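For reference, the structure is listed below as structure tokens.
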Amino acid sequence: MVDDITVITYNARGLRNHNKRRRLFSYLHRSKPHISFIQETHSLPADEKIWKNEWGGKVIFSHGTHDSCGVSILFNPTVDLEIKKCVSHDGGRFIITEVTFNTTILTVVALYGPNIDNPSFFVQLFNIISTFSTENLIIGGDFNFVFNLALDKKGGQQRTNFNARNECLSFMTGLSLIDIWRERNPRSISFTWSSNILSGLHCRLDFFLISRHMLHSVNDVSHSPGIQSDHSFVNLSLSLFTEKRVPGYWKFNNSLLQDPDYLDIITNVINSFEENHTYSNPSLRWEGLKFILRKESIKYAKEKAKARRCREDELTNEVANLEQALYISDSTETRTKLNDARNELLLFYDMKLQGTIIRSRARWVEQGEKNTKYFLNLERRNKICNTIHKICDDNGNTYINGKSILHNIKCFYENLYVSNPCSPQLILDDLPPPSPFSTDDFSTGEGELNLNECSMSLNSSKNDKSPGSDGFSVNLNKTFWHLIGNYVLDSLNYAYSHNGLSYEQSRA
């Protein structure tokens, strides 16, 4: 499904004048953006009812004073959307809101940056943004600094609010955001503000920052002249493709290796496998064992997760009941039970956080450095970035449906690896003459493998990796190598003696 979304950001330089406000509202109704970010509205709490009636749709305010600041987000009256949650700055500098538009969840931020170099403002802003969903993030407004003095500023002194800019760049890296106009126009020069006081001074102060994965969803980003303001409109049009994500490849959960019960189950499965299953083909024997190991691992993990969820629910209810009991009658026994239940519940939260950090693939983590929401958002962004949302074929046709994308990928690789007649001698003639093997080299590299060679190869492999298509990790192979080593060895030597790997071995 495709959700077409248009967003406008604009510094109005005051909307207290009734006629000016009506002109802007009329322009926006004709342009039909779904969402409009307006800065320097100079609105006051007493203006809300009148302005909402004039606009005719949903409006969110962050009020300033009668002659400075003020930010508003205007939602097109014809668009059906739900505002999930919202945070507004007390000084009229930003609004952060999470909205559901058709099937898409967006976090949109209207921003009016300080005129002075105030990096702490951006620290506060992005810390709040990090508590929202940042999968589909759109930040737009007047940032009051430029990223590139050579491209984004003309005239005046060669300076900007450097500290604020650097703080913003730091958070852009952490949240995987891009300046979409500059991304689409890497060497172009265009300005969104021109000074009415200093002749020849122009800057690109107004722009959109969006999640990097949305880059290929952008249809257009442009500037257009403002209305009774020294700022221009910045227009952003996107087509967000929403495809239900199917389950990915199964991968073994290494935390199970710390569970004695799981280790006993798998040990018994391996020891009893030879008695219950007979295979004449060693490769099929190893694949059959892996199938049973995977089945038992998934079964045990599901049962353990279900028991953990039940226990977590029990503890949550127990904490609530003990807190209520403590309100009624304070006692040492009740406090002790409450603390024990809370501590046990914390273990579940820590376990979930650890899993989220692992899945987010964050490489450097210090205790207390990042909050849980950061890793949850990072995990979601990794999933989104690993998904192909759109693909073009050789004829220039674009496909956004999941099945069509998979079909085109299949056709591409089928054609890429199609067999074509060729002369082997022509290929050999272009190769340099081979270096001769010594007798020792030949004896080492030729012949069947032995268990010691396989063990050395496994021990040299890095932990926490799943190199094959079966989903089993290096950690699991190392843990049970004393039981499965001969299965692996027989399978590889069988492939050697029959001049061909099995299907699963060739996929690894």
Side-chain angles (χ1 to χ4, degrees), residues 247-279 281-309 347-348 350-363 365 375 379 382-383 386 449-496 501-508:
Y249 285 110
W250 174 80
K251 286 190 177 182
F252 179 74
N253 181 355
N254 285 324
S255 67
L256 292 177
L257 298 175
Q258 310 300 319
D259 187 333
D261 292 337
Y262 173 78
L263 296 178
D264 290 341
I265 290 173
I266 297 302
T267 299
N268 292 332
V269 166
I270 298 172
N271 289 332
S272 62
F273 177 77
E274 198 71 45
E275 302 173 7
N276 301 326
H277 302 84
T278 56
Y279 291 92
N281 183 327
S283 290
L284 290 179
R285 182 166 62 243
W286 171 229
E287 295 302 328
L289 176 57
K290 286 197 295 181
F291 174 80
I292 295 175
L293 293 178
R294 182 162 51 243
K295 183 180 72 172
E296 291 297 327
S297 297
I298 293 173
K299 177 184 176 183
Y300 185 84
K302 285 184 175 180
E303 291 175 349
K304 186 174 181 179
K306 182 178 180 181
R308 189 166 57 240
R309 286 193 299 270
L347 295 177
F348 286 101
D350 290 343
M351 190 185 306
K352 288 182 178 179
L353 175 58
Q354 188 60 35
T356 300
I357 292 172
I358 291 171
R359 289 189 297 274
S360 71
R361 297 182 183 178
R363 294 191 176 185
V365 181
F375 294 107
E379 179 187 358
N382 286 341
K383 287 182 180 179
N386 289 333
L449 296 167
N450 59 54
L451 194 60
N452 184 53
E453 289 173 324
C454 293
S455 300
M456 289 174 60
S457 177
L458 177 62
N459 290 330
S460 66
S461 302
K462 291 183 178 179
N463 286 334
D464 303 320
K465 300 290 183 182
S466 301
S469 59
D470 53 31
F472 288 118
S473 67
V474 171
N475 310 51
L476 178 121
N477 286 313
K478 288 180 178 179
T479 301
F480 293 104
W481 183 250
H482 63 290
L483 297 175
I484 65 174
N486 285 319
Y487 288 98
V488 177
L489 177 65
D490 292 344
S491 173
L492 293 173
N493 284 334
Y494 179 85
Y496 172 78
L501 296 170
S502 69
Y503 177 70
E504 282 297 324
Q505 287 172 334
S506 64
R507 292 178 64 193

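These numbers come from a predicted model, not from an experiment.
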Ring geometry between Tyr487 and Phe273 (parallel below 30°, tilted from 30 to 60°, perpendicular above 60°): perpendicular
Within-4.5 Å side-chain heavy-atom neighbours: Trp481 and Ile484: yes
Asn475 to Lys465 - nearest heavy-atom pair and separation: OD1-N, 4.3 Å
Audit row: Thr479, Leu263, side-chain contact (heavy atoms from CB on, under 4.5 Å) steps and yes/no: CA-CA 9 Å; Thr479 301; Leu263 296 178; 4.2 Å; yes
Member of Ile298, Ile292, Leu293 meeting the side chain to side chain contact (heavy atoms under 4.5 Å, CB included) criterion with Glu296: Ile292
Over all atoms of both residues, closest heavy-atom pair of Lys478 and Leu458: CE-O, 3.3 Å
Note: Glu303-Lys306 ion pair, threshold 4.0 Å (strictly below): no
Check: Ser460 side chain, Ser457 main-chain N or O, donor-acceptor pair, under 3.5 Å: yes
Smallest separation among heavy atoms of Asp470 and Arg294, with atom names: O-NH1, 3.3 Å
Nearest non-hydrogen partners of Leu489 and Leu449, listed with the distance: CD1-O, 3.5 Å
Considering all heavy atoms, the nearest Gly288-Tyr279 contact: CA-OH, 4.0 Å
Audit row: Lys304, Asp259, side-chain contact (heavy atoms from CB on, under 4.5 Å) steps and yes/no: CA-CA 10 Å; Lys304 186 174 181 179; Asp259 187 333; 3.0 Å; yes
Whether Asn463 side chain and Val474 backbone form a donor-acceptor pair below 3.5 Å: no
Ser473 to Asn254 - nearest heavy-atom pair and separation: OG-OD1, 2.6 Å
Donor-acceptor under 3.5 Å (Glu453 side chain, Asn450 main chain): yes
Parallel, tilted or perpendicular: ring planes of Phe252 versus Trp250, cut at 30 and 60 degrees: perpendicular
Interatomic distance, Asn477 atom CG to Phe472 atom CZ [nearest 0.5 angstrom]: 8.0 Å
Gap between atom OG of Ser283 and atom CG of Leu492 - 0.5 Å precision: 7.5 Å
Atom pair CG/CG of Asn253 and Leu476 - distance to nearest 0.5 Å: 11.0 Å
Heavy-atom check, side chain of Asn281 versus side chain of Tyr494, under 4.5 Å: yes
Geometric class of the Tyr300/Tyr262 ring pair [parallel <30°, tilted 30-60°, perpendicular >60°]: tilted
